[in-house]
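Data block below; observations after.
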Amino acid sequence: MATEQVKKINSKIPEGPVAEKWTNYKAHQRLVNPKNKLKLDVIVVGTGLAGASAAASLGEMGFNVLNFCIQDSPRRAHSIAAQGGINAAKNYQNDGDSVYRLFYDTVKGGDYRAREANVYRLAEVSNNIIDQCVAQGVPFAREYGGMLANRSFGGAQVSRTFYAKGQTGQQLLLGAYSSLSAQVQAGKVKLFTRYEMEDVVIVDGRARGIIAKNLVTGKLERFSANAVVIATGGYGNAYFLSTNAMGCNCTAAVQCYRKGAYMANPSYVQIHPTCIPVHGDKQSKLTLMSESLRNDGRIWVPKKLEDAKKLQEGTLQGWEIPEEDRDYYLERRYPAFGNLVPRDVASRAAKERCDKGFGVNNTGLAVFLDFSESINRLGLDAMKQRYGNLFDMYEEITDVYPGDLANEINGVKYYKPMMIYPAIHYTMGGVWVDYELQTSIPGLFAIGECNFSDHGANRLGASALMQGLADGYFVLPYTIQNYLADQAIWPRISTDLPEFAEAEKAVDAELSRLLNIKGKRSVDSIHKELGHIMWEYVGMGRTAEGLKTGIQKMKELQKEFDTNLFVPGSKEGLNVELDKAIHLRDFFTMGELVAHDALSRNESCGGHFREEYQTEEGEAKRDDANYFYVGCWEYQGADKDPELIKEPLEYEAIKVQTRNYKN
Ligand SMILES: Cc1cc2nc3c(=O)[nH]c(=O)nc-3n(C[C@H](O)[C@H](O)[C@H](O)COP(=O)(O)OP(=O)(O)OC[C@H]3O[C@@H](n4cnc5c(N)ncnc54)[C@H](O)[C@@H]3O)c2cc1C
């Protein structure tokens, strides 16, 4: 079983009140001598919002940046999938928002498991992000008078989400990409598309480069630099079915973990309440219906079990059920926040209704998201303006258009509702980083979704883009200089060093091992089975017994992977199956880490729900006396359980209390 130790990990948080820490930090840091910047190389792996913004900013500051991604263009990073928006504390609506309030909402939304100082910094720089993106020409939605428009997201009672229809991630990424392209043109950023980082190279205890596979030729190549930044996204695809893009993987992060970077809070996985329900076992992808829809859509199930049964049998339709027989259960249970409770709360509430038999589709695993009231009040055109592409996407997938008038009962018009159910969406856990976003390996930094930083046990909607861009545009470019200041005098590291040769040899051996198993099962079939185990035992409701079973089952399946996998083709040239096999190898490591962390945390908080630890009303029951820490896992070897190191949390500005969204 995993062992535990309590450590005060050096997170380099400056002294002073929370509101002054970042200002103090910037004032005191040792900036690299501007003349030396030109000699310093930085590898940035990833071109999502975090990676592209970091690479562009570092290039603009004078560093030589080598920027890698697995797609054929930086613009195809998973970040383009982001629909709903990005938070900032601009208070354009004059509804009482402030940096403090965004900070407070984020800490509370994360169920008091985030590092306080980091979150304050995030809230502080949030406003700069909007200015930066507007300057780049990002077409945020605007009010009639020209002001930037806002909408509301879960866990907040103010309207602070900036958006570009339902395509915010894409527009933000185009903005970041234009800045990146300017640096490519200026010769400060060199792009390596269709390259996959397979390993980080450590020389004398510091990250000095990477081994990357050219995905087109299949060749392994060595790259050295003064520092390495990974911005490689989350590990949601360990569950096989998720809202993440098919290419999302955790190979870079897991390889860094194997080389000594701690993995923090892996059990904090976000299950998003508004996804299109699973409709068969041939599916490889789940589709998100943005949380922004909860601004105008009301979530309900029937009040009567017999109505639910008829819905499941297909003999009754949602629009035939009158108002008085509908249970708007979020509005009933959480009157203060209603449909805009945080995602973990909304997901569990949906599961609770479905577990009790009130599910509304043929599998009994769905609830309605209904726009009838908003369409009746504001008109269909207003809804189309706000969510047009989401309505179209829903129709393309389900053949139902949510704006179609379907019935009229007692003078009330009812439109066809969407059906939704929770699905794996985002990972709050990730590579451990200190206040400077440096991992436990000197010279290795992690930003964006792949680090654990700011969201505690549950991320609020529209805060991932905020964090990714805060890290990339405003935090890392400052903090990395503190590390690089000492590095300016180092000569370029040669890729002929034995450390590079060994790392490359090990990657090559791994590729050969996978190709030579020559078993009978495809990568996808094993991945799907892993996903079932993860969802069943490490999913929305966890128990100690179930987690132990899950770990056991994962170990057995891993044996199957190691002995009965079939990867066609060879190492040369394009081999997508081989790349997927590498990813799956690392999803196994990550899956077990998620389960170990969940098993060690005998409490419920945010996205981590242990069924043994809940209140009488079914809410998460935290145990601050014993679990008020960041759980950092240290790799001990392939056949050994990882070791838990605890970074105690310290709060000075916010009183830690039980989350309340009722009043
Ligand atoms: C459907 C959907 C909708 C969402 N909507 C919102 C929203 O409205 N608001 C919000 O705030 N958040 C939203 N999110 C979350 C948000 O989109 C992500 O958290 C965020 O975009 C992650 O950005 P990133 O830069 O950290 O990583 P990613 O965008 O995942 O980029 C990862 C990058 O790393 C590269 N990479 C990965 N592995 C390797 C490797 N081994 N070698 C080389 N390169 C590698 C990839 O090529 C890619 O360039 C949404 C998520 C989903 C799934």
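Numbers here simply count residues along the sequence, with the first being 1. Not measured: the values here are computed from a predicted model. These numbers come from the heavy atoms of this one structure, side chains and all, not from hydrogens, waters or symmetry mates. As the structure lists them, so they are numbered: ligands from 1, and atoms in each ligand from 1.
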Donor-acceptor under 3.5 Å (Lys285 side chain, Thr243 main chain): yes
Pick from Thr232, Ile80, Asp72: the one approaching atom 36 (N) of ligand 1 most closely through a non-hydrogen atom: Thr232
Residues in salt bridge (charged side-chain N to carboxylate O under 4.0 Å, His left out) contact with Glu504, at least two apart in sequence or another chain: Arg222
Ligand 1 versus Arg459: contacting region, heavy-atom distance under 4.0 Å: side chain
Parallel, tilted or perpendicular: ring planes of Tyr387 versus Phe391, cut at 30 and 60 degrees: parallel
Ser463 touching ligand 1 at heavy-atom level, < 4.0 angstrom: yes
Ala231, portion touching ligand 1 at heavy-atom distance under 4.0 Å: backbone
Other residues, nucleotides, ligands: >12 heavy atoms within 6.0 Å of Arg258 CZ: yes
Val45 to ligand 1, any heavy atom closer than 4.0 Å: yes
Gly468 touching ligand 1 at heavy-atom level, < 4.0 angstrom: no
Shortest heavy-atom approach to atom 23 (O) of ligand 1 - which of Cys275, Ser79, Ala176, Gly48: Ser79
Flag, side chain of Asn339 to backbone of Ile299, donor-acceptor distance under 3.5 Å: yes
Part of Ser290 within contact of ligand 1 (heavy atoms, under 4.0 Å): neither
Phe162-Tyr92 aromatic ring centre distance below 6.0 Å: yes
Shortest protein heavy-atom distance from atom 4 (C) of ligand 1, along with the residue and atom involved: Ala82 CA, 3.3 Å
Proximity of Tyr195 to ligand 1 by residue part, where a heavy atom lies under 4.0 Å: backbone
Cation-pi geometry met for Arg113 and Tyr268 (6.0 Å, 45°): no
Nearest neighbour of atom 47 (O) of ligand 1 from the list Glu196, Gln71, Arg76, Arg75, on a heavy-atom basis: Gln71
Which segment of Asn249 sits under 4.0 Å of ligand 1 when only heavy atoms are counted: side chain
Pick from Gly85, Gly234, Ala81: the one approaching atom 7 (C) of ligand 1 most closely through a non-hydrogen atom: Gly85
Ligand 1 N/O within reach of Gly448 N/O, cut-off under 3.5 Å: no
Thr243 to ligand 1, any heavy atom closer than 4.0 Å: yes
Heavy atoms of other groups near Lys259 NZ, more than 12 under 6.0 Å: yes
Within 6.0 angstrom of Tyr478 OH, more than 12 heavy atoms from elsewhere: no
Ring-face cation contact, Tyr426 with Arg343, 6.0 Å cut, 45° max: no
Of all pairs that satisfy ring pair (Phe, Tyr, Trp, His ring centres under 6.0 Å), the ones with a partner from residues 225-249, not counting sequence neighbours: Phe240-His527
Contact with ligand 1 for Thr251, non-hydrogen, under 4.0 angstrom: no
Contact check: Glu449 vs ligand 1, nitrogen or oxygen atoms, below 3.5 angstrom: yes
N/O separation below 3.5 Å, Leu49 to ligand 1: yes
